[in-house]
Amino acid sequence: MNRFTSHLLCIVCTLVSLLAFSTQAAAAVRPYAARGTAQFTSPSDFVGSGQATHLGRYSEAGHVAFSPTSDPTVLHVDGSIVYTAANGHELHATVSGELNAVTGAITATVTYASGTGRFATAHGSANLAGQLGPQGTISVRVRGTIDY
């Protein structure tokens with residue numbers, strides 16, 4: 001192998017290594033917090049908006065299903081949510097938890113599992129504490145971590 005080919009091979013290998021490591025270094029576990037409100041538009045669909053780290057001002061649309069638990073005053077909640085940031089990037093999540101039908105208190109885990117744009121490879125989870133109010137209003141606070 002001549003000297004020119006050897007140098008060219010070294011340069012190509014270095015560039016490939018830099019690209020590979022810079023892509024891996026871009027992803028990092030970050031704290032995530034959100035606060036928002038939503039409104040049920042049907043017995044299982046809702047829309048809302050709020051403010052969140054990494055999303056900024058966002059809108060959301062989701063769907064949940066309620067099922068009974070061994071406690072007749074508590075319902076199990078499972079669903080999915082799509083958060084849309086002001087720039088149009090989406091963060092996709094699932095939610096699983098409980099609704100106390102007497103107090104309206106909601107406790108759940110939100111699991112982030114992909115999206116679009118900068119959230120295409122997002123993953124993480126957060127604890128959601130919420131309150132179901134009159135006429136299907138919901139207020140929530142969310143805290144956890146996200147990696148994208």
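These numbers come from a predicted model, not from an experiment.
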With a cut-off of 3.5 Å and sequence neighbours excluded, list every side-chain donor-acceptor pair involving residues 88-97.
| unit_1 | atom_1 | unit_2 | atom_2 | d |
| --- | --- | --- | --- | --- |
| H89 | ND1 | R118 | N | 3.2 |
| E90 | OE1 | H92 | NE2 | 2.9 |
| S96 | OG | D78 | OD1 | 3.0 |

What are the two closest heavy atoms between [X] and [Y], and how far apart are they?
| X | Y | value |
| --- | --- | --- |
| T109 | S125 | CG2-CB, 4.4 Å |
| Y112 | A126 | OH-CB, 3.6 Å |
| T53 | P31 | OG1-O, 3.8 Å |
| A122 | I146 | CB-CD1, 4.3 Å |
| A38 | F46 | CB-CD1, 4.1 Å |
| T69 | V74 | OG1-O, 2.8 Å |

Ring pair (Phe, Tyr, Trp, His ring centres under 6.0 Å): which pairs involve residues 59-79, sequence neighbours left out?
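Listed once each, the pairs would be none.
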Can you name the side chain to side chain donor-acceptor pair (under 3.5 Å) partners of T73, sequence neighbours left out?
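For T73, the residues satisfying side chain to side chain donor-acceptor pair (under 3.5 Å) (neighbours in sequence not counted) are D71.
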Among all residues two or more places apart in sequence or in another chain, which pass the side chain to side chain donor-acceptor pair (under 3.5 Å) test with S42?
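Side chain to side chain donor-acceptor pair (under 3.5 Å) list for S42, sorted by chain: D45.
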Any side-chain heavy atom of Y58 sitting closer than 4.5 Å to one from T84?
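A side-chain contact is absent here, since even the closest heavy-atom pair is not under 4.5 Å.
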Should [X] and [Y] be counted in the same cluster of Ile, Leu, Val, Met, Phe, Trp and Tyr side chains packed under 4.5 Å apart?
| X | Y | result |
| --- | --- | --- |
| I81 | L132 | yes |
| V64 | V82 | no |
| Y83 | F40 | yes |

Verify side-chain contact (heavy atoms from CB on, under 4.5 Å) between L128 and I106, making sure each step is shown before the conclusion.
CA-CA 8 Å; L128 179 146; I106 304 164; 3.8 Å; yes
Q131 side chain to T103 backbone, donor-acceptor under 3.5 Å:
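Here the side-chain-to-backbone pair exists.
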For Y32, does the six-membered ring have the charged nitrogen or CZ of R143 within the cation-pi criterion, i.e. under 6.0 angstrom from the centroid and within 45° of the normal?
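Output no; distance or angle outside limits.
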Partners meeting side chain to side chain contact (heavy atoms under 4.5 Å, CB included) with T137 (sequence neighbours left out):
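Only Q39, P134 meet the side chain to side chain contact (heavy atoms under 4.5 Å, CB included) criterion with T137.
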Partners meeting side chain to side chain contact (heavy atoms under 4.5 Å, CB included) with R57 (sequence neighbours left out):
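Partners of R57 by the side chain to side chain contact (heavy atoms under 4.5 Å, CB included) criterion, ordered by chain and then number, come out as S49, Q51.
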